[in-house]
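Only one structure is covered here, and it is reproduced in the block below.
Labels below follow one simple rule: chain letters A, B, ... track the order of the sequence lines, proteins then strands, and each chain is numbered from 1.
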There are 2 protein chains.
Amino acid sequence: MITPMRVSRAHSIADDLRSKITTGQLQPGQRLPAETELATRYGVSTATLRNALGTLQAEGLVEKIHGRGNFVHPPLRRTTYVGGWGTLDPRTAADAAQRVTIRTTKTTAPKEHPAALLARPEGTALTEILCLTYDGEVPHGLARTYVPHDTTSPPNVGTVTADAPCQGPAARFAVLTPPPAEVRETVCARLPTPDEASTLRIRPTTTVLAITRTTTDATGLIVEAAQLVFPADRVAAVFTSHLLDDADERQTRP
Amino acid sequence: MITPMRVSRAHSIADDLRSKITTGQLQPGQRLPAETELATRYGVSTATLRNALGTLQAEGLVEKIHGRGNFVHPPLRRTTYVGGWGTLDPRTAADAAQRVTIRTTKTTAPKEHPAALLARPEGTALTEILCLTYDGEVPHGLARTYVPHDTTSPPNVGTVTADAPCQGPAARFAVLTPPPAEVRETVCARLPTPDEASTLRIRPTTTVLAITRTTTDATGLIVEAAQLVFPADRVAAVFTSHLLDDADERQTRP
DNA sequence: CAGTGGTCTAGACCACGCG
DNA sequence: GCGTGGTCTAGACCACTGT
């Protein structure tokens with residue numbers, strides 16, 4: 001295909017700036033000329049130029065800061081969320097050096113959402129653990145974990161989660177009986193709620209990766225539910241599944 | 001906080017239209033008045049009104065169609081990608097009624113990306129399986145699967161994958177020896193490549209959920225690598241991990 | 001063809017960050 | 001106060017869809 005392709009003025013400006021960034025002609029962290037300056041330089045109106053910059057912003061190449069300027073986005077520290085039982089590898093251990101703040105709240109009248117996740121009736125006592133991880137000064141992840149009080153002794157949970165709040169549940173629930181048996185994680189990408197956006201300090205228009213995790217013990221009771229939210233451009237989630245020597249998984253389907 | 005909050009004109013218009021949609025005052029599939037009409041009705045310029053509609057489009061509430069109008073987005077059939085060994089549940093089985101097109105290509109000079117995923121040297125012969133699933137007439141998912149020829153007999157792979165191209169690898173590789181042992185799936189959200197956008201018939205600015213999957217056999221060889229792409233507003237990915245009676249997973253870390 | 005959204009202009013004024 | 005980006009206007013013209 002020859003693709004002569006009518007491209008918009010804004011599109012070709014975005015292409016030009018993009019190549020200047022990827023080739024290193026514009027260095028990470030560097031400030032771009034003012035929008036008015038760029039607009040005259042490209043011979044377009046400011047609206048058109050802003051449109052082009054908006055594209056690059058969506059691509060994560062440019063960061064716009066009101067009152068300061070447009071900056072070439074510094075190289076993204078892309079961190080990894082490890083799903084399942086969270087067997088840690090060295091790379092993830094390095095990430096764990098992030099700063100973390102935790103707020104634990106005992107709730108007696110659970111809101112609608114967590115109660116449903118936990119498959120408990122309204123009114124069940126539960127603990128909400130709010131966990132914010134930081135990458136340097138920048139919020140990097142938000143975890144809201146809900147633990148009901150009817151299955152487990154609250155003090156244990158408090159201690160354990162405070163030690164390893166954002167790692168897999170294996171370490172976290174090691175001391176509990178009965179031990180957890182299954183983790184189910186649902187991953188989707190969506191826009192953040194206004195709350196999430198302000199907590200993570202991201203624009204309401206930047207996508208987040210949302211992971212809903214429920215942990216079930218051997219008896220089938222849900223012992224933990226969590227809602228994890230990360231800016232989509234800064235994380236990837238990894239899930240590893242092992243097949244046992246005899247494929248017992250397949251027996252669930254004749 | 002009282003949040004008097006300066007909101008932009010566009011923002012409040014978006015709020016108004018959003019509530020009209022969520023309360024059913026505007027029905028799914030219904031066409032909105034023309035942008036010029038809405039602009040005069042709200043007393044703003046067309047640019048401002050288009051901005052408001054852009055927000056709703058990003059939220060998946062409105063679909064803009066060039067030359068036809070703006071439409072309230074029909075209820076999203078949110079389908080589920082089942083990770084790991086893909087134990088199917090009834091809900092997923094229903095989704096499998098989607099239409100599928102498949103193109104299989106034998107490649108002798110693999111491109112850079114798939115070769116790296118497969119941990120094979122450049123030049124290894126491999127088969128590329130392009131799989132497009134449809135939800136009605138709308139493309140719904142794109143799967144690019146790469147299978148090297150050095151571990152397995154190609155004919156088998158061809159047949160098996162054609163039968164169950166977008167399900168878990170358990171069914172697909174059941175006939176192979178040695179059987180696969182591990183599936184690793186990396187999930188991230190990003191903008192589509194121009195190719196992906198046109199194949200999936202989505203705007204280049206709509207986020208996709210990208211899943212990179214590698215399947216490893218018992219000897220540690222990667223027997224399959226796949227790059228799966230879905231429009232982010234139409235899928236969620238589910239991963240379920242079981243812990244065995246004795247926690248052997250933990251032994252990987254002393 | 002008429003009607004729709006898509007792109008663009010050449011300004012204006014406002015809100016933010018910093019010295 | 002100054003320079004920056006953020007919002008907005010009142011148009012113009014182009015591109016697409018349906019009749």
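- Across all strands shown, B:Asn51 has no heavy atoms under 4.0 Å from either base or sugar-phosphate atoms.
- Looking at A:Glu196 and A:Arg190, their side chains come closer than 4.5 Å, going by heavy atoms from C-beta outward.
- Formation of a donor-acceptor pair under 3.5 Å by the A:Glu37 side chain with backbone atoms of A:Ala34 is not found in this model.
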Quick one: what's the B/S/- string for nucleotides 9-19 of chain C, heavy-atom cutoff under 4.0 Å, read 5' to 3'? BBB---BBSS-
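- The listed nucleotides are D:dG5, C:dG6, C:dC8; the one nearest the side chain of A:Lys64 is D:dG5.
- In this structure, B:Arg50 atom CZ and C:dT4 atom C1' are separated by 11 Å, rounded to whole Å.
- For C:dT4, the OP1/OP2 oxygens have no side-chain nitrogen or oxygen of B:Asn70 closer than 4.0 Å.
- A heavy-atom distance below 4.5 Å is not found between the side chains of A:Leu142 and A:Leu228.
- The distance between atom CD of B:Glu35 and atom P of D:dC14, rounded to the nearest whole Å, is 19 Å.
- Taking atom CZ of residue B:Phe71 and atom P of nucleotide C:dT4, one finds them 11 Å apart after rounding to whole Å.
- Per the geometry, CD belonging to B:Glu37 stands 13 Å off P belonging to C:dG3, to the nearest Å.
- Residue B:Arg31 contributes atom CZ, which lies 7 Å from atom C1' of C:dT4 at whole-angstrom precision.
- Nucleotide D:dT17 holds its P atom 13 Å from the CD atom of B:Glu63, rounded to whole Å.
- Residue pairs meeting the side chain to side chain donor-acceptor pair (under 3.5 Å) criterion with at least one partner in residues 66-76 of chain B, sequence neighbours excluded, are B:Glu35-B:Asn70.
- At least one side-chain heavy atom of A:Leu17 sits less than 4.5 Å from a side-chain heavy atom of A:Leu53.
- Side-chain contact between A:Thr127 and A:Tyr146: absent, with no pair of heavy atoms (C-beta onward) separated by less than 4.5 Å.
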